[in-house]
**Q** 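Structure in structure tokens, see below.
Below, each value reflects all heavy atoms present in this structure, side chains not excepted, and no hydrogens, waters or symmetry copies.
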Amino acid sequence: MTQNNATGLYALPLDGAQFTALCGGNQGGENEQCMEIAPIPGVEDAFAVRDNKVEGGPVLRFTGAELRTALAQAGPIVGA
């Protein structure tokens, strides 16, 4: 399946998505700042992103190009 429309990514199920935690801030414990990211199953170069501290919270979805652009614009992370 090829999905180029970012809005269409929200119509796709995340069943089987394998999320990986990315943490920073060096706070440790429950103060650690983490997000989780997973490739969207069945879609080339698209990702789901969520906050690991918000059980059942929202999941944002990005094309790979959108995610790379956002990360590039964010610049270096202070304290990393």
**Q** Would you say D45 and R68 make side-chain contact, with heavy atoms under 4.5 Å?
**A**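 A side-chain contact exists here, since the closest heavy-atom pair is under 4.5 Å.
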**Q** Taking all non-hydrogen atoms of both residues into account, name the closest pair between D15 and P41 and its distance.
**A**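 Smallest interatomic distance, heavy atoms only, reads O-CG, 3.5 Å.
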**Q** Give every residue pair that meets the disulfide bond (SG atoms under 2.5 Å apart) criterion with at least one member in residues 41-73, sequence neighbours excluded.
**A**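 Residue pairs with at least one partner in residues 41-73: there are none.
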**Q** Could you check whether any side-chain N or O of E66 sits under 3.5 Å from a backbone N or O of T63, counting only pairs where one atom can act as donor and the other as acceptor?
**A**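 The answer is yes, because a donor-acceptor pair under 3.5 Å joins these two groups.
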**Q** Output every pair passing disulfide bond (SG atoms under 2.5 Å apart) with a member in residues 42-74, not counting sequence neighbours, ordered by first then second residue.
**A**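 The answer is none; no pair qualifies.
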**Q** Give the C-alpha distance, both sets of side-chain angles, the deciding distance and a yes or no for side chain to side chain contact (heavy atoms under 4.5 Å, CB included) between M35 and D51.
**A** CA-CA 5 Å; M35 64 178 246; D51 183 343; over 6 Å; no
**Q** Enter the distance from E36:CD to K53:NZ here, rounded to the nearest 0.5 Å.
**A**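 Taking CD in E36 and NZ in K53, the distance rounds to 9.5 Å.
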**Q** Between L67 and I37, is any pair of side-chain heavy atoms under 4.5 Å apart?
**A**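 Yes. Closest side-chain heavy atoms under 4.5 Å.
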**Q** With heavy-atom distances below 4.5 Å as the criterion, would you say the side chains of F62 and V49 are in contact?
**A**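 Result yes, sub-4.5 Å side-chain heavy-atom pair found.
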**Q** Quick check: closest heavy atoms across P39 and Q18, and the distance to 0.1 Å?
**A**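 Heavy atoms only, the tightest pair is CD-O, 4.1 Å.
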**Q** On the six-membered ring of F47, is R61 placed so that its NZ or CZ lies under 6.0 angstrom from the centre and within 45° of the ring axis?
**A**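 No cation-pi geometry.
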**Q** According to side chain to side chain donor-acceptor pair (under 3.5 Å), who are the partners of N52, at least two apart in sequence or on a separate chain?
**A**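 By the side chain to side chain donor-acceptor pair (under 3.5 Å) rule, N52 matches no residue at all.
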**Q** Can you give me the closest heavy-atom contact between L9 and A46, atom names plus distance?
**A**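 What the structure gives for the nearest pair is CD2-CB, 3.9 Å.
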**Q** Mind listing the closest non-hydrogen atom pair of A48 and F19 along with its distance?
**A**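 That closest heavy-atom pairing would be O-CE2, 3.7 Å.
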